[in-house]
Structure formats: structure tokens, C-alpha cells
Asks: 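Before I ask anything, let me first share the structure, which is written out below as C-alpha cells.
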Number of protein chains: 2
Amino acid sequence: MDIKIVDVANKAGVSPATVSRVLNGNSYVKSKTREKVNQAIADLGYHRNDVAKNLRSQKSMTIGVIVPDVNSSYFAEIIKGIENMAYSRKYRVIICDAENQKEKELEYLNLLMSRTVDGMILATPALPDEEIVRYSDKGYAIAVIGRHIEHAEIPCIYTDNVKFSKQVVDHLVGLGHRDIVFLSGYAEAVDSFERLEGYLKGLKEHQIPFRPELVENGNFNESGGYEAMKRLLDKKVKFTAVYAANDEMALGVYKACREAGIRIPEEIAVVGVDNNRISKYLTPTLSTVNQPKYAMGAVIAEKLIDQLNEDAFSDKRVFKVDSELIVRGSTDFRRGPAS
Amino acid sequence: MDIKIVDVANKAGVSPATVSRVLNGNSYVKSKTREKVNQAIADLGYHRNDVAKNLRSQKSMTIGVIVPDVNSSYFAEIIKGIENMAYSRKYRVIICDAENQKEKELEYLNLLMSRTVDGMILATPALPDEEIVRYSDKGYAIAVIGRHIEHAEIPCIYTDNVKFSKQVVDHLVGLGHRDIVFLSGYAEAVDSFERLEGYLKGLKEHQIPFRPELVENGNFNESGGYEAMKRLLDKKVKFTAVYAANDEMALGVYKACREAGIRIPEEIAVVGVDNNRISKYLTPTLSTVNQPKYAMGAVIAEKLIDQLNEDAFSDKRVFKVDSELIVRGSTDFRRGPAS
DNA sequence: GTTCATCTTGAAATCGATTTCAGTTTGAAT
DNA sequence: ATTCAAACTGAAATCGATTTCAAGATGAAC
């Protein structure tokens, strides 16, 4: 049923090699021959079989991407950046949604391993560094988003979690808060650690003693944030601000406050991270930390593709990008005397 | 550098054919041989080259999906449905984001054509029916979301746009509205037509004369809705309700109203379509039409995969699913005497 | 000890393109 | 007219797996 390159060759009265040359437009073909071949292609409605092409040429012009959750607007933006860069370089992208499950991260990694992709971009918070290094050493092209791996072959792009977390604390303390809750993401994720670290650093700098009862885990999702907030309210500990390690959890905080009749920002200030699309539609609008998500995706994709084509001469490999705090309604209230 | 099946064969002291048999676990292999082979695979860290496998077996266990916009939570949900179903049937999914551009829809269609995928699911509002039929007739397995195509080989799933649009009008009229704006999506999309049709049908049933000045185009996106709403306000025509053909445009309506100091729902009622995640976080919460998005994705994926494996004996092919109006804050206000 | 079905294995063909290598044409330069 | 490099083309090898075909081994039944 399918039309193959030899059918085109026969119809045009040339060899398959010549058809291939026309198809790939590189080497010498007489323009008259080229016309004949193109005519035959059009007549037969021929489409090149990419699987065969890939096998012979040992590449697929495809890169694989593993993310924890495609539905979060954070990764959706990153993916867009990757996709557009890849597209402009004639690469295709396969997205794998690990759905926040560690096992699925590994499963997809193994799937991508079978050379259906030329390289991959990993945003896999739960996968240990050594695992990634191991695969890279095996000869697979890998780039990483969201963490830093010490390895000459692995391009990385990540934000300084510690730095912006400290900024969040600075901001809250500047508004007169001293009892600040930290809502962490799930424990395996590097981001959880680093944001906590920044929070602690911030407290220290302002000489505010650390109170462990003000730290709760919210698993990076809305319901986790909601449950965590309820636990905090039940504990009856005193606090006037909540720093949620992402916007999803902040959403849960909003819900819990609404149910408990607590006003934001008058009674409790809230800050999130990610600048999800939703955050500016909330009432009040949510103060949050913005990362250059799209650019991060684009940069890492470009880096990986460069590496695949060895355009990169020991070029820059590690990218640490800055984030900015966006102050909105949820922290638009000064409490007590300013510091 | 890469380890191939013959390397494994040599190491295990058997032929490549035997290794292949072990790999695919089908036919007779002595358990002792199997062990030797598995040992060799483990020792060498062998990964099968799927490209070669696909070429020989003439399938890729992959389906392609083209959607107008991966960032919209509407399609994100559908994709999740597709992905999970595909995953459970051992298929992979390639997502193509046409970014609401007609040319990209076609471009991706041609890309997927080259047998990298076994079948495809199209949510391509701008692609004409005939084009889709043409490709299907060429022997490509195609399934369609969001419209109905009369063709024995093409599974379809779609919602009854006319029906729910009429329901929206019913709801608004029931609240006392008679001057109802319709905000349409871009003109090429079937959905735009059908939702307009339902709107007209609804007006007719309530003997409300159609006023063309109450229809504006908002291109299915937020800024389009915003601009359209501003045009309407500038025109100084009288209206008390807006039916936006999707939630994105409703978002723009909210923004325009906020800027103009118009209160929702007291001065203007708003209804959207899609039940985007954002819609219930707005103030006021947005009345909207919910579709079983996840299920739609899952059903159409299952149907396509069935067809690929010819499990389907002239089974059901066309699925028309029901949508429900979710009444929320944006229409929570009765004006004048009820009908 | 035959016989015959069932297991078990390997050699070689195959999937559909690309690419190397070598041979032929062409045309400009002498 | 001759020479030689560049332009053009095709035959055949190749990518790395699967699968067919045939042959050899095994073992149960008589």
C-alpha cells in the first residue's frame, strides 16, 4: 500500500540514490533530474519513511523531555520554550509526564534510552544525581533543568532557590512580620531543601529564631497546601505570614483561610513561588516569585542541540538564572512598625 | 560505542535471533539459554534500538496528537486522558502544539505522516474535513476530537455545542436577561459556528429578536475577549449579559469590566465555556459549561488504538458527549421579574 | 529402535531509507 | 584536440533489529 523510495525512483526513471539526494537537497543533482523526481513524488504522493531514515542516519531529530507535571503552568511554560527552540532547529519534542511519581521518572528515562531520541532534557526532582551521571557516562546526551550537576557533559539551568527565598523573607520582615510559616514541597525534591535553606538564612540574618513548628510539608500541590494550613491552624501556633514553596500550595492556603474566615493580607500575608498564571487572578492577587521559565526552556534546549551537533566548543555549560519577587495584593499590608 | 544485539549474542554464545526471542519473550527458548542471554544483557547494559525494531516491525507504538494549544487547561485535560489510556496500552504519545495557527496544523500533520506514528488524534479546528478525509483515505489511522466527520474509518468524539449553547441562553433568560452578547471564537473553527447557532436557537425559542451588534469576535483568547468587550462598551449598545464562547475570553471580559467599573453579576452577567481551572478562582467565580475532557481524551485514544490492532469489529465509532452548565457567581443575580 | 510431534536454534532475508565508491559526463582551460 | 576537475548518477553496503525457513535435538508413544 505504501509508496517507497524505489517506487518514486522507478516512476522517475532514476535510482533510489538520486531520489534520496533530491529529498535531502544536499549534493549534486541535475536540475532536470530533480524536476522529474519531484514530479514523481507529487504524482505518487510519496512521504519519506522517517523510521528508515533515522535508522540509517543514526539520529531521530527528536529530543525527549521528562517533567514532573505537564499541567502545572510552570512546566508548561518551560516546555513551550523548549519546543519553540527545538522547532526552529528542526527538532521535534516528546514530552513525558512523570505525574510527580519517582518510578515514572525512571520508567520514562529507560523508555527514552532506546535511541528514539537524540538527547533528553530532564526536570526530574526525584532522580538522584548519580543516576543521571551514570546515564550520561553511557553516552546519552542529557541536559538538566532545575538543579546543578557537576559533570562536564551535562548542561544545567537552574535558579538560585536560596537567594530568592531569602528575598521573600526580607520582604515579609520588611512588612513587620516575624512569625513566618514555611510550606515545603515533597522531601525528595532539591527545590524543597534549597528554599528551606533560604528561609532559614533569611531568618538568621534578621535574628529571628527558627521555630520548627512553623514548617509544614505540602507536597507542592493545592490539596497539600490546604491540609498543611489546616494543621497549622489547628496547632494554634502564632504566625502572621506564610511562605509557600510554590503557588499551587498557596492556592490551598487561600482556600483554608477562606474557610476559616481569615483575611489575606490583613491577618495573614501569603507569598508563593512560580508566578502561575492563576496567581494574578486570585483575590487578593498573590505575591510570588517569577522565574524566566520560557527562557530557561529555550536556553537549555539550545544548549543540548548545540551539543548534539557539536557546535559547542567547551562553551558555557551551567546557567544560574535570577528570579524576581513580584509584590501583589497578598502582602499589601504593613503590620506594626516597619523595621 | 553502542552495544548491539550481536554483541549480546556473542557474549552469550548464541545467535542474534535467539536474543531477539528472549527480548520479545514470545517463542520457544530453553530456560537455560534465556538465562545466559539475560545475563549478557545485564552485563553489557544493553538497550534495544527501537528505531531498528520499528523499521522491521512496521510500527512505532506511538500515536501523535495535534492540539491548538497545550497551555489551555481544556486541551491539557484531554491530553492527560489520551496519555494515560495510551500508556496503559503500551503506546507513547507525541504532542504537537499548533499554537492556534492553521499553517502549523498542516505542517505537523505532514510531519506525523512519515510513519513515525502508528496513528494520530487531531483536534484541529481549522483543518477542513476534506483534508482529514483525504489523509485517512491514503491509509493513515486518524481519530478526531471536537467535530463529527462522516467517514467509516474515522472515530470522532465531540460535544453538542448547539445544545449547551441553547442551555446557556435558557439560563440567562431565566434570570431575566434579554440583551445577551455572544462572544465568538475565531471564524475558521467549527465550534464558533455551532455555539453561535445554539445562541440563535435559544433566542428564537424565547422570541427574542437577534441583534447582530451584540455579536463580537474574540478569537478564543483572553486579549481577544478583552478587546471585544471594550468595543461593545464603546458602541454604547444596551446589554446585560455576555455569553463568551470560552473561558479565556470571559477572562478578558472580567478585565474590561473591572477597568470600566462594571460589577459582575449585578450589572452584567457572564458565562463561559470549558470550565478552565482558573474559572473557579475568579471573583466572582465564573459560570461555565463543563465538558468531560479527560474522558473524551481517554475514549478517543482507546478507539484509535483498538482500530490499530483491529480489535474493533465495526464497533461504535461516533461519540457525542453531553456537557453541563455549572452555575456560579457570575450569574448569581436575578434581574427584573423572572420569566 | 522407530516414528513423529514438539522444542530449540541459527542463517539469511527483510524493513526503507542513506551513503560510499566508483564510474560516466560535462565543460572550461590549455 | 586534449586534459582535468567538477558535476552527476547508480550499484551495493549499511543501519540494527525481527522473522521466516529449515534443520537439528528431544522425548514420548508404540
Side-chain angles (χ1 to χ4, degrees), chain A residues 1-38 40-41 44-62 90 111 113-118 138-140, chain B residues 1-38 40-41 44-62 90 111 113-118 138-140:
Chain A
M1 187 223 82
D2 269 6
I3 292 135
K4 299 179 285 189
I5 200 168
V6 312
D7 302 323
V8 176
N10 290 338
K11 172 120 188 171
V14 299
S15 75
T18 301
V19 177
S20 171
R21 283 190 268 258
V22 172
L23 245 30
N24 297 292
N26 29 1
S27 54
Y28 310 118
V29 181
K30 222 198 268 176
S31 69
K32 210 167 166 188
T33 315
R34 186 183 304 277
E35 266 173 47
K36 275 195 302 185
V37 171
N38 281 327
I41 289 174
L44 297 172
Y46 168 76
H47 276 275
R48 149 200 305 113
N49 182 324
D50 272 349
V51 178
K53 179 195 171 84
N54 292 347
L55 175 59
R56 177 62 232 234
S57 56
Q58 299 286 64
K59 45 181 157 172
S60 61
M61 300 303 283
T62 303
K90 303 210 180 304
L111 204 73
M113 217 54 98
S114 23
R115 283 274 173 264
T116 328
V117 298
D118 295 342
K138 266 188 159 183
Y140 296 97
Chain B
M1 186 225 84
D2 270 5
I3 292 136
K4 300 179 285 190
I5 200 169
V6 311
D7 302 322
V8 176
N10 290 338
K11 173 119 188 171
V14 299
S15 75
T18 300
V19 178
S20 172
R21 282 189 269 257
V22 171
L23 246 30
N24 297 293
N26 31 0
S27 54
Y28 311 115
V29 180
K30 223 200 266 176
S31 70
K32 209 167 168 188
T33 314
R34 185 182 305 276
E35 265 173 46
K36 275 195 302 184
V37 171
N38 282 326
I41 290 175
L44 297 171
Y46 168 76
H47 276 276
R48 120 154 28 74
N49 181 324
D50 272 349
V51 178
K53 180 194 170 84
N54 292 347
L55 175 59
R56 176 63 231 233
S57 57
Q58 299 286 63
K59 46 181 157 173
S60 61
M61 298 304 282
T62 303
K90 302 208 180 307
L111 205 75
M113 217 53 98
S114 20
R115 284 274 173 263
T116 329
V117 298
D118 295 341
K138 265 187 158 183
Y140 296 97

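Below, read A as the first sequence line, B as the second, and so on, with proteins coming before strands; counting in each chain starts at 1.
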Asks: Show the nearest heavy-atom pair for residues A/I3 and A/L44, with the distance to one decimal.
Replies: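 Closest pair (atom of A/I3, atom of A/L44, distance): CD1-O, 3.0 Å.
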Asks: With axes from five pairs an end, tell me the bend angle of the helix from C/dG1-D/dC30 to C/dT30-D/dA1, nearest 10°.
Replies: 40°
Asks: Using a 4.0 Å heavy-atom cut-off, does A/V19 contact any base of the nucleic acid, only the sugar-phosphate backbone, or nothing at all?
Replies: nothing
Asks: Describe the nucleic acid contact of A/S20 in one word from base, sugar-phosphate, nothing, applying a heavy-atom distance below 4.0 Å.
Replies: base
Asks: Less than 4.5 Å apart, side chain to side chain, heavy atoms only: is that true for A/I41 and A/L23?
Replies: yes
Asks: With a 4.5 Å cut-off on side-chain heavy atoms, are B/I5 and B/Y46 touching?
Replies: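 The answer is yes, as the side chains (C-beta and beyond) meet within the 4.5 Å cut-off.
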Asks: Would you mind listing every salt bridge (Lys or Arg N to Asp or Glu O under 4.0 Å) that reaches into residues 15-35 of chain A, with sequence neighbours excluded?
Replies: none
Asks: Pairs in or reaching into residues 45-59 of chain B: which pass salt bridge (Lys or Arg N to Asp or Glu O under 4.0 Å), with residues at least two apart or in two chains?
Replies: B/D50-B/R92
Asks: Can you tell me if the side-chain N/O atoms of A/Y28 get under 4.0 Å from OP1 or OP2 in D/dC8?
Replies: no
Asks: Who pairs with A/K4 by side-chain contact (heavy atoms from CB on, under 4.5 Å), at least two apart in sequence or on another chain?
Replies: A/D7
Asks: Using the heavy-atom set of chain A and a strict 4.0 Å cut-off, write down the first and last nucleotide of DNA chain C that makes it in, 5' to 3'.
Replies: C/dG16 to C/dT20
Asks: Checking B/T62 side chain against B/S60 main chain: does a donor-acceptor pair fall under 3.5 Å?
Replies: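 Looks like yes, one N/O pair under 3.5 Å.
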Asks: For A/S20, enumerate each residue passing the side-chain hydrogen bond (donor to acceptor under 3.5 Å, both in side chains) test, keeping only those at least two apart in sequence or located in another chain.
Replies: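 If we apply the side-chain hydrogen bond (donor to acceptor under 3.5 Å, both in side chains) test to A/S20, skipping adjacent residues, the hits are A/N24.
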Asks: For A/A17 and for A/S31, find the nucleotide of DNA chain D with the closest heavy atom, then tell me which residue's nucleotide is more 5'.
Replies: A/S31
Asks: For A/V51, give me all partners under side-chain contact (heavy atoms from CB on, under 4.5 Å), at least two apart in sequence or on another chain.
Replies: A/N49, B/V51, B/N54, B/L55
Asks: If the condition is side-chain hydrogen bond (donor to acceptor under 3.5 Å, both in side chains), which residues does B/T116 pass it with, not counting sequence neighbours?
Replies: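 Result, side-chain hydrogen bond (donor to acceptor under 3.5 Å, both in side chains) vs B/T116: none returned.
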Asks: Which parts of residues 45-58 of chain B get close to DNA chain D, meaning a heavy atom less than 4.0 angstrom away?
Replies: B/Y46, B/R48, B/N49, B/A52, B/K53, B/R56
